[in-house]
Every structure is written in structure tokens, then in C-alpha cells.
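Worksheet: one structure, shown below.
Only this structure's heavy atoms are used, side chains among them; waters, hydrogens and symmetry mates stay out. Residue numbers begin at 1 in each chain, while the letters A, B, ... track the order of the sequences. Computed from a predicted model, the values in this text were never measured in an experiment.
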There are 2 protein chains.
Amino acid sequence: MAAAGDGVTDVDDQVNDALKALANPIRRQMLGWLRDPRANFPTGQGAADLDEYGVCVSQLQEKAGLAQSTVSSYMASLERADLVIGARVGKWTHYRRNEERIARLIEVLDRTL
Amino acid sequence: MAAAGDGVTDVDDQVNDALKALANPIRRQMLGWLRDPRANFPTGQGAADLDEYGVCVSQLQEKAGLAQSTVSSYMASLERADLVIGARVGKWTHYRRNEERIARLIEVLDRTL
DNA sequence: AAATCGCATCGACATATCGCGATGTGCCGG
DNA sequence: CCGGCACATCGCGATATGTCGATGCGATTT
């Protein structure tokens, strides 16, 4: 067998995707902002509870000062790397950290690097 | 002041360089091989003691199956990221892991990611 | 139903990275 | 002093990434 959960996805490929996603200062910073949404973003956008649903793209966009399309694709790459979880609520897409995967990544790096 | 040792080098830039260098399966694997040179490489090339001086480029090249120029530039990027230390002895360049920096990187990632 | 909002996706262009062969360079043995 | 070895650097074409504006699309508001 290959692994536990998914089909063909090798562990090393996942690590590589994560490292590629993290090898960009802006994406790392956005991941950092998501550590404390309430401290980093004004309330009132998207669904009510920032901590539960996460932060929507337009808030990240304004804070980052990049084009909307850029932020969207950045978040998509972080999601593909399993570092964040995106959830659409109404017309907003909320992103929050995937703490389990982040912790797992650190663990794997600590063990295999 | 900016930091301790070097001039303008921001910490975030260093982390970014390290992550970029690590965002490549072959470079990660080469770093892995250097964890135990004696187990992964035959003796008799370069300077005598693999553990002390490290592994020379031609050994890495043969094991990786890549062009010599590729391996050379890969090791250079790992060295620029402070993940390995290169030392020229005679006509060979030996590379060994920079354990302190690797540990520091993991620590920083664990703290700031 | 139409206008609008929030976001994803689509080209497009500039720059960076991948990996190679060829060429340059320092060091060594004869 | 010369040829060869180990490595670095250069130049190259192919692919990937950064970043944008424009367009598409589902959901919402009017």
C-alpha cells in the first residue's frame, strides 16, 4: 500500500507542495495573520465569527495590498498544500488555518530534514 | 541594529531562502544523505574522513544521477541558505550539514508558522 | 429581473527555477 | 610545464512562479 488516506499522493510530494507554498514571504505572512483573526482584521465582513469561520478573501486582499486575483490564487495554493481550509459561506470564502496539518508538517520536517 | 552577525540580511529573507532551497525533493534528499555519510557513500573519495569533512560533489553527483553542474549549483543554493557548509580541501569541495542552522530553522518555523 | 458583490478562473507578460552541456579555473601528479 | 581532475560558472531552452487586469459565475440585494 501507499499510505493511509488518499490515493496516489506521496508524502514527499505533500511536503514539497507545502514548502513551495511557504517559500513566499507574503503567503507566510497571511498564514501568520490567520493565527489571530480578531487581532488582525476588523469585524463586520463575511460571516460573523472570525475565529470560527475564518477570514474572507477581501479582507486578506486589503491587508496584503495585492490584486484580488493574486490573493485568491495564493490562498488556493495554501489550501492545496493543506495549510489552510477554505469554506464558502454565502458569497464569501473564508479561510482558516489547518493547525493539524501545520503541526504535522513541522513534525515531519523536524524528523526528516 | 539589524541582527548579530551580518549586514542587511533580514531573518525573514533567510527563512525564505531556506524554504526555497528545501522546496525541491532532490535537494532535500541530498541533505538527508548527509545525515549519515558513511552509510550513504563509499569511502575512498576526497579527504579521508567522511564524517569530519563531509561528502564531495562527485559522490553526490553519482548518487543523485544528475549533471555535475546541476549538483554543484544545488549545493551552492543549500550553502547560501546556510543549510550546509562547503569546504574545499585540495581539489575537492566537501559539503556537510549545518546542524545548528537546520535546528534553528525548524525552531523558527515552529514558532512563527 | 437586473444590478451588484465576492470570489475563481483565464490570458498575459516578466522574472525565476530546472537541468543540461560547454567552458573556465584552481590544484595536483608526472 | 603540462595534462588531467574536481569543481564552479556561463549560456541555454523549457517550465514554473509572481502578479496583474479582464472576464465568468454563483449568491445576494434591490
Side-chain angles (χ1 to χ4, degrees), chain A residues 12-13 16-31 34 41-48 50 53-81 83-96, chain B residues 12-13 16-30 41-48 50 53-81 83-96:
Chain A
D12 204 53
D13 286 349
N16 211 66
D17 285 347
L19 288 172
K20 281 198 298 184
L22 291 173
N24 176 298
I26 300 173
R27 284 193 295 261
R28 277 203 308 287
Q29 192 168 43
M30 297 198 297
L31 202 59
L34 293 182
F41 299 93
T43 57
Q45 303 269 4
L50 280 175
Y53 292 97
V55 180
C56 62
V57 175
S58 34
Q59 293 182 290
L60 290 162
Q61 184 206 340
E62 185 175 1
K63 185 134 188 163
L66 296 177
Q68 181 267 319
S69 60
T70 302
V71 175
S72 182
S73 81
Y74 275 19
M75 295 316 291
S77 89
L78 285 173
E79 187 176 23
R80 255 181 277 113
L83 296 170
V84 302
I85 299 171
R88 184 141 207 173
V89 179
K91 49 182 176 178
W92 300 283
T93 303
H94 295 251
Y95 287 101
R96 63 183 194 277
Chain B
D12 204 54
D13 286 349
N16 211 66
D17 284 347
L19 288 172
K20 282 198 298 184
L22 291 173
N24 176 299
I26 300 172
R27 283 192 295 260
R28 277 203 308 287
Q29 191 168 45
M30 296 198 298
F41 299 94
T43 58
Q45 303 269 2
L50 281 174
Y53 292 97
V55 180
C56 63
V57 175
S58 33
Q59 293 181 288
L60 290 162
Q61 184 205 340
E62 185 176 1
K63 184 134 187 164
L66 296 177
Q68 181 267 318
S69 59
T70 302
V71 174
S72 181
S73 79
Y74 275 19
M75 295 316 291
S77 89
L78 285 172
E79 186 175 26
R80 255 182 278 113
L83 296 170
V84 302
I85 299 170
R88 185 139 208 174
V89 179
K91 48 183 175 177
W92 300 281
T93 302
H94 296 250
Y95 287 101
R96 62 183 193 278

*Rounded to whole angstrom units, what separation is found between the CD atom of A:Gln61 and the P atom of D:dG21?*
10 Å
*Rounded to the nearest 0.5 Å, what separation is found between the CZ atom of B:Arg27 and the NZ atom of B:Lys20?*
10.0 Å
*Side-chain contact test, heavy atoms from C-beta onward, threshold under 4.5 Å: evaluate it for B:Leu78 versus B:Tyr95 and give yes or no.*
no
*Whole-Å distance separating the NZ atom of B:Lys20 from the P atom of C:dC18*: 9 Å
*Is there a side-chain contact between B:Gln59 and B:Pro42, using heavy atoms and a 4.5 Å cut-off?*
yes
*Between atom NE2 in A:His94 and atom P in C:dC7, what is the gap in whole Å?*
7 Å
*asked:* Can you see if the side chain of B:Asn24 gets near the phosphate of C:dC18 - specifically, an N or O under 4.0 Å from OP1 or OP2?
replied: yes
*asked:* Under the criterion side-chain contact (heavy atoms from CB on, under 4.5 Å), I'd like the reasoning laid out for A:Lys63 against A:Phe41: C-alpha separation, chi angles, the key distance, then a yes or no.
replied: CA-CA 8 Å; A:Lys63 185 134 188 163; A:Phe41 299 93; 4.0 Å; yes
Collect all protein-nucleotide pairs involving nucleotides 8-12 of chain D in which both atoms are nitrogen or oxygen and the distance is under 3.5 Å.
from	atom 1	to	atom 2	distance (Å)
D:dA8	OP1	B:Tyr95	OH	3.1
D:dA8	OP2	B:Ser72	OG	2.6
D:dA8	N7	B:Gln68	NE2	3.0
D:dA8	N6	B:Gln68	OE1	3.1

*Want to settle it: does B:Ser58 or A:Gly65 sit nearer the 5' end of DNA chain D, counting the closest nucleotide to each?*
B:Ser58
*What's the CG-P distance between A:Leu19 and C:dT17, to the nearest Å?*
15 Å
*Could you tell me the separation between the CE atom of B:Met30 and the C1' atom of C:dC18, rounded to a whole number of Å?*
13 Å
Report all interatomic pairs (protein N or O, nucleotide N or O of nucleotides 28-30 of chain C) with separations under 3.5 Å.
none

_From CG of B:Leu60 over to C1' of D:dA6, roughly how many Å is that when rounded to an integer?_
13 Å
*Could you grab the distance from atom CZ of B:Arg80 to atom OG of B:Ser73, nearest 0.5 Å is fine?*
8.0 Å
*Taking the side chain as every heavy atom from C-beta outward, state whether A:Ser58 and A:Gln68 have any atom pair closer than 4.5 Å.*
no
*Between the main-chain N or O of B:Leu22 and the side-chain N or O of B:Arg28, is there a donor-acceptor pair closer than 3.5 Å?*
yes
_Close side-chain approach of A:Met75 to A:Leu34, heavy-atom, < 4.5 Å_ = yes
*Length of the CZ-P vector between B:Arg28 and C:dC18, whole Å*: 12 Å
_Rounding to an integer number of Å, can you tell me how far A:Trp92 CH2 sits from D:dG26 C1'?_
14 Å
*Taking all heavy atoms of A:Asn16 and all of B:Asn24, pick out the closest pair and write down the distance.*
OD1-N, 3.3 Å
